[in-house]
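Ligands are counted one by one from 1 in listed order, and the atoms in each one are counted from 1 as well.
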Amino acid sequence: MTSKMSVPTPRPAPVHAPMRQFPVRDGELLIGGLPITRLAARVGRTPFYAYDRGLLARRVAELRAALPAGIKLHYAMKANPMPALVGFMAGLVDGIDVASAGELAVALDAGAQVAEVSFAGPGKREAELRQAVAAGVLVNVESPREVELLAGIAQALKLPARVAVRVNPDFELKGSGMKMGGGPKQFGIDADQVPAVLARIGVLGLAFEGFHLFAGSQNLRAESICEAQCKSYELALRLAAAAPAPVRFLNLGGGFGIPYFPGDEPLDLAPIGANLAALQERARTEMPLASLVIELGRYFVGEAGVYVAQVVDRKVSRGQVFLVTDGGLHHHLSASGNFGQVVRKNYPVVIGNKAEPAEREVSTVVGPLCTPLDLLADRMSLAVAEPGDLVVIYQSGAYGRSASPQDFLGHPHCTEVLV
Ligand SMILES: *Cc1c(COP(=O)(O)O)cnc(C)c1O
């Protein structure tokens, strides 16, 4: 060992497209119009998630402007089930999609219109199906078993069982972060088994309303989304010939992605709007009673949210700066790269109270957990930060708190606010 051992200068990570949804004033990020330090004082502790009502409303309005009138927008609340946020969204969108009886309860408390709530997900328990029938919501059936159980429940409760058939299509959404259709899947009923299930729905006298197709998630390629929508429409039209009643509800899925990583470009809505207009025009004659629905989670809420953690310690190890924060993968598994990413990439990050820094350095942001997986930003160019400064992770409104293992390692849970 020599005393002059050379330390490698850390190589900075690729740079993200600038995040412009939150304005900056006097060097501070404004969330819901509040400077980040004031918001942190109002919340009273870190770490926290904050969701901006103005941005949520703007996103719904932008989507309505880009898509033809009459296309129903459903919020898939799995992306962010915070009750106050679901209540806010319920007032903006046409329907709420739930994936458990727990989510159903939140949606009903939020004031969602029961006629426009639908319940999808594999392995629905009998008790959950009973709750759904009693509530009067639409059940997207995912197996012959659910059809048989619903018939018994409808009879016992003397209520109609409203059903749509969730189809596992024979194609996938190309270029998706997560594929949820095509090939063998636990989701939905294989297209070739659907006619038999439709016949059974007719025999049992369930209230058939239509079809649900969901081919994938987090897609930034408009042409792939259009292709999946067209194939979904064609498949539903073929299957409708075997249905016991006209199609009133046709959920073409969603999959609209948001830019998370360097090189990601926002989704171009114009071709999707044109494609949906063409499908709607065809439906006027081919399925005249059908409403076309798209269901979106992260596209509605992802960009409206941030995760905020405070720097606790600043360390330099072999030439590399580490900002150790009070937050980490236990609150934000997605940003750590451990929620469905194949190769870890950084989310966009900023020091929220030094958003227009005079001085930058390459820093690595980590949490307090004793695992190298607890990495929030790997060698990013950030403002020179000290203990007390606020690390802000953008694009954190979806699959954040509820998708993270909060109990792992026994640190305090995080909180969340809607501003
Ligand atoms: C997860 C899921 C969604 C939401 O996906 P996003 O990528 O958040 O838009 C919508 N529908 C179904 C059936 C899902 O499972």
Side-chain angles (χ1 to χ4, degrees), residues 51 56 59-60 63 67 71-82 85-86 89 93-100 102-104 107 116-124 132 137-143 146 163-169 172-182 185-189 210-222 224-225 228-229 232 236 249-261 264 266-267 269 272 292-305 333-334 339-341 395-404:
Y51 316 116
L56 294 169
R59 178 47 62 95
V60 176
L63 206 53
L67 304 186
I71 296 290
K72 288 189 173 170
L73 302 179
H74 279 204
Y75 173 49
M77 64 170 279
K78 170 181 88 186
N80 189 327
M82 182 204 193
L85 180 143
V86 176
M89 292 300 293
V93 297
D94 302 304
I96 305 283
D97 290 343
V98 304
S100 68
E103 288 193 353
L104 174 61
E116 298 289 346
V117 172
S118 53
F119 179 9
K124 296 182 197 73
V137 303
L138 180 69
V139 177
N140 296 327
V141 293
E142 312 228 1
S143 73
E146 291 183 2
V163 297
V165 175
R166 179 168 181 186
V167 183
N168 175 25
E172 62 186 31
L173 177 50
K174 288 179 197 140
S176 289
M178 281 191 206
K179 295 190 172 65
M180 293 180 62
K185 285 283 181 304
Q186 73 268 50
F187 308 110
I189 300 172
F211 296 104
H212 174 213
L213 294 104
F214 186 79
S217 183
Q218 179 49 23
N219 201 299
L220 292 170
R221 295 184 352 208
S224 301
I225 290 173
Q229 287 173 343
S232 296
F249 167 91
L250 178 51
N251 184 337
L252 294 173
F256 296 16
I258 63 171
Y260 285 104
F261 308 121
D264 284 355
L267 180 64
L269 290 177
I272 298 174
L292 302 189
V293 177
I294 56 170
E295 56 175 356
L296 302 169
R298 88 180 73 227
Y299 192 78
F300 280 134
V301 299
E303 297 187 76
L333 191 64
S334 302
F339 189 69
Q341 282 189 43
Q395 312 301 72
S396 294
Y399 306 107
R401 198 191 79 104
S402 70
S404 301

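The residues lining ligand 1, counting any heavy atom closer than 4.0 Å, are Ala76, Lys78, Arg166, Met180, His212, Phe214, Ser217, Gln218, Glu295, Leu296, Gly297, Arg298, Tyr399.
Summarising the geometry of Pro169 relative to Val167, their closest heavy-atom pair is CD-O, 3.1 Å, with the distance given to 0.1 Å.
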message = Assess the residue pair Asn140 and Phe187 against the criterion (side-chain contact (heavy atoms from CB on, under 4.5 Å)); give the C-alpha distance rounded to whole Å, side-chain angles, the decisive distance to 0.1 Å, and a yes or no.
response = CA-CA 11 Å; Asn140 296 327; Phe187 308 110; over 6 Å; no

task = Under the side-chain contact (heavy atoms from CB on, under 4.5 Å) rule, what do Ile294 and Leu73 come out as? Steps first, then yes or no, please.
result = CA-CA 5 Å; Ile294 56 170; Leu73 302 179; 3.8 Å; yes

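Partners of Phe249 according to the ring pair (Phe, Tyr, Trp, His ring centres under 6.0 Å) rule, which considers only residues two or more places apart in sequence or in another chain, do not exist here. Arg221 pairs by the salt bridge (charged side-chain N to carboxylate O under 4.0 Å, His left out) definition with nothing, not counting sequence neighbours. With sequence neighbours excluded, the residues satisfying side-chain contact (heavy atoms from CB on, under 4.5 Å) with Gln186 are Pro122.
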